[in-house]
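Notes follow once the structure below has been shown.
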Amino acid sequence: MFDRFINELDRQVYADKKVIKEELENFNVMLKKNSLKDKSYEEIIEYLFKDVINEVNLFFEKYDFVPGMNITSKINDVIINFSIGYKDFTKKELLDINTMFDIASISKTPTAILIYQLIEEKLLNMNEKVKNILREYNNLSEDLYIRDLLSYRGKYLTNGRIDDAKDKKEALKLLKSVVQESESLNSYNYNDIVPILCGEIVKKISNSSLEQLLNKRVIKPLNIQNIAVNNQIDLEKLDITGSPNKDRGLCNDPKANILEGYPGSAGLFCSTNDIIVILENLLKGNLIKSNSDFYTRNPLKISRGIAGQSIVPTEIEQKGYYSNLSPIMSLGEDGSTRTIATSGKYVLNKQNYYVSEAIFTNACSSDPEIIKYYEKKNNNPEGSCYKYYENIDAYRVDIRKILPSNSMDNILFTLQKFNLRVSLLNACISFYEKNYKLDETINLKYRKR
């Protein structure tokens, strides 16, 4: 049976057969060594999850200024939730698995879904000129097409910084001054202007706000419970974290704040559980059919699109969003608030195993004095991470300067290996029990920091 799994995985992951075989042998030995046959399914899951918890503990030993973290792992209908730490250090309220985090650039993925839905409904054409739709954007080139936006082609400049505008009216005026360098259209340039332009296109075509469309086309159909829009939050009812402005219902991103809501690039708060619901349904084709633009198919190159930049490993080296044992058919996105979510699919024993991971930190909710201490410790000028915007009476924390982009890689890769092992466990059981089907939510004990 394991030889069969080795051959199946060889076509579905980036690792070579030797690495796959080694992983399956280790997994087999681990199961036998620990006499798991007499334990319940939940006890087995808790045992397998120990490696993830070890990586989480190492993370907090190194980055103890982060108040807390929520993790959700999903393998088909099996959901594992894990929370550690607090919503912030001031009130010392424990995180709940339903707590919504400021997901920053992960907000770009719903924007992508909405614009692709309009394309599938033939309300928008991939080869249409952007200027035909956004006629008031006088400086845009006649050679800029929808397809260019969807692949982040081109460098975009405005007459001033949108986040420095005195109010929303001035911010929109600056946005409409945008010009793209024509010679840059053949190059990839990840930025916030593209999804904001996509948001403007969606609003123009549908004659609705992004919030209304998101609710109608994504939130209600998927029965999503824990998602909220920047600047439209009922603080008495909703549980949010991950932003220095959370007590006022504002996100960390100043452009989203000056534009008052969800402009397409940032501005959403979401739980780990619910972002996984969105990604998994996107992967399954339940939200859009032409979802190949979101997949990372080539193991040696970078697959990038409006859903984000999904960097995949070269050879067996671990890079970006995926370990070398992750499914080739995967998609992912991360946020500057140090949030990350991925989803992929294995086929084992002729059954689909949809595996998803979400790891959200609320590092941007850290105390300003703690951040200043770590700025000094990391040789950053004091105040470089924490900036006050008088125009919106809000703060922005550039946590990236003290919490590196690869800081959660070991947790993510260990979580992805855990998901593979649970998929293998379920495939082994179903190999002998043909009618086997598991539907279980496991909430591991909340842990204080």
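Because the structure is a prediction, the values reported are computed rather than measured.
Judged as a side-chain contact (heavy atoms from CB on, under 4.5 Å), and not counting sequence neighbours, the contacts of S407 are F59, Y63, R338, L403, P404.
Cation-pi geometry between R147 and Y145 is met: the NZ or CZ atom falls under 6.0 Å from the ring centre, inside 45° of the normal. Annotation: cation-pi geometry not satisfied between K74 and Y354 (NZ/CZ under 6.0 angstrom from ring centroid, within 45° of ring axis).
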Using side-chain hydrogen bond (donor to acceptor under 3.5 Å, both in side chains), reason through D367 and Y373 one step at a time and then give a plain yes or no.
CA-CA 10 Å; D367 186 275; Y373 169 79; over 6 Å; no
Go through K401 and Y386 one step at a time and tell me if the side-chain contact (heavy atoms from CB on, under 4.5 Å) criterion holds.
CA-CA 10 Å; K401 294 183 177 179; Y386 218 91; over 6 Å; no
Could you go through Q12 and E8, starting from their C-alpha distance and side-chain angles, then the distance that decides it, and tell me whether this counts as side-chain contact (heavy atoms from CB on, under 4.5 Å)?
CA-CA 7 Å; Q12 299 179 66; E8 287 181 331; 4.0 Å; yes
Determine whether K17 and N7 satisfy the following criterion, side-chain hydrogen bond (donor to acceptor under 3.5 Å, both in side chains), listing intermediate values before the conclusion.
CA-CA 8 Å; K17 268 193 176 183; N7 290 328; 2.9 Å; yes
Trace of the side-chain contact (heavy atoms from CB on, under 4.5 Å) decision for V229 with N215
CA-CA 10 Å; V229 175; N215 189 56; over 6 Å; no
Under the side-chain contact (heavy atoms from CB on, under 4.5 Å) criterion, do V66 and F60 qualify, and how do the steps go?
CA-CA 7 Å; V66 180; F60 281 107; 4.0 Å; yes
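With contacts defined as side-chain heavy-atom distances shorter than 4.5 Å, the pair L268/I106 does not qualify. Side-chain contact between D239 and K87: present, with at least one pair of heavy atoms (C-beta onward) separated by less than 4.5 Å. Here the side chains of I219 and I224 are in contact, with some heavy-atom distance below 4.5 Å. Side-chain contact between I240 and L235 is present, with at least one heavy-atom pair separated by less than 4.5 Å. Taking 4.5 Å as the limit, some side-chain heavy atom of T111 sits within range of a side-chain heavy atom of Y262. The closest side-chain heavy-atom distance from I193 to Y152 is not below 4.5 Å. Residues M69 and I411 meet the side-chain proximity criterion, which asks for heavy atoms closer than 4.5 Å. A 4.5 Å side-chain heavy-atom check between I71 and V56 finds at least one atom pair inside the cut-off.
For the pair N76 (side chain) and N352 (backbone), a donor-acceptor distance under 3.5 Å is present. Put simply, the side chain of E43 gets close to the backbone of S40: a donor and an acceptor are under 3.5 Å apart. Judged by distance alone, the side chain of D253 and the main-chain N or O of A256 form a donor-acceptor pair under 3.5 Å. With hydrogens and angles disregarded, a donor-acceptor distance shorter than 3.5 Å links the side chain of N281 to the backbone of V277.
Under the 3.5 Å distance criterion, with hydrogens and angles disregarded, no donor-acceptor pair is assigned to the side chains of S73 and E357. Side chain to side chain, N70 and T272 fail the donor-acceptor criterion of an N or O pair below 3.5 Å. Residues N98 and S271 bring no donor and acceptor atom of their side chains to less than 3.5 Å of each other. The closest side-chain donor-acceptor pair between R153 and N189, if any, does not fall under 3.5 angstrom. For the 3.5 Å distance criterion, the side chains of D88 and N362 fail to qualify, holding no donor opposite an acceptor. Inspection of the K417 and T414 side chains reveals no N or O donor paired with an N or O acceptor under 3.5 Å. Inspection of the N257 and N230 side chains reveals an N or O donor paired with an N or O acceptor under 3.5 Å. In this structure, a donor-acceptor pair under 3.5 Å is present between the side chains of N223 and Q225.
Taken to the nearest 0.5 Å, the CG atom of L287 stands 5.0 Å off from the CD1 atom of I113. Rounding to the nearest 0.5 Å gives a distance of 11.5 Å between CG of L425 and CG of L348. Atom-to-atom distance recorded for I371:CD1 and N378:CG is 12.0 Å, nearest 0.5 angstrom. The structure places CZ of R421 at 14.5 Å from CG of N426, a figure rounded to the nearest 0.5 Å. Remark: S356 OG to L279 CG distance equals 6.5 Å, nearest 0.5 Å. Within the model, atoms CZ of F65 and OG of S365 stand 12.5 Å from one another, a figure rounded to the nearest 0.5 Å.
F101 and F360 have their aromatic ring centers within a separation under 6.0 angstrom.
Smallest separation of non-hydrogen atoms from I45 and I80: CG2-CG1, 3.7 Å. The two residues D163 and P254 have their closest heavy-atom pair at CB-CB, 3.6 Å. Scanning all heavy atoms of the two residues, the minimum distance from Y346 to S423 falls at CD1-OG, 4.1 Å. Taking every heavy atom of both residues into account, P67 and F89 meet most closely at CA-CZ, 3.5 Å. The nearest pair of heavy atoms linking L283 to S343 is CD2-OG, 3.8 Å. Nearest heavy-atom pair across N349 and A427 is ND2-O, 4.1 Å.
Within a 6.0 Å sphere centred on CG of D234, other residues, nucleotides and ligands contribute more than 12 heavy atoms.
We find that K18 and E22 are not joined by a salt bridge, their nearest charged nitrogen and carboxylate oxygen being 4.0 Å or further apart. Between K372 and E375, none of the side-chain N atoms (NZ, or NE/NH1/NH2) sits under 4.0 Å from a carboxylate O, so this pair counts as no salt bridge. Under a 4.0 Å N-O distance rule, the pair E280/K284 qualifies as a salt bridge.
Partner of D102 under the side chain to side chain contact (heavy atoms under 4.5 Å, CB included) criterion, chosen from S107, C364, C251: C251.
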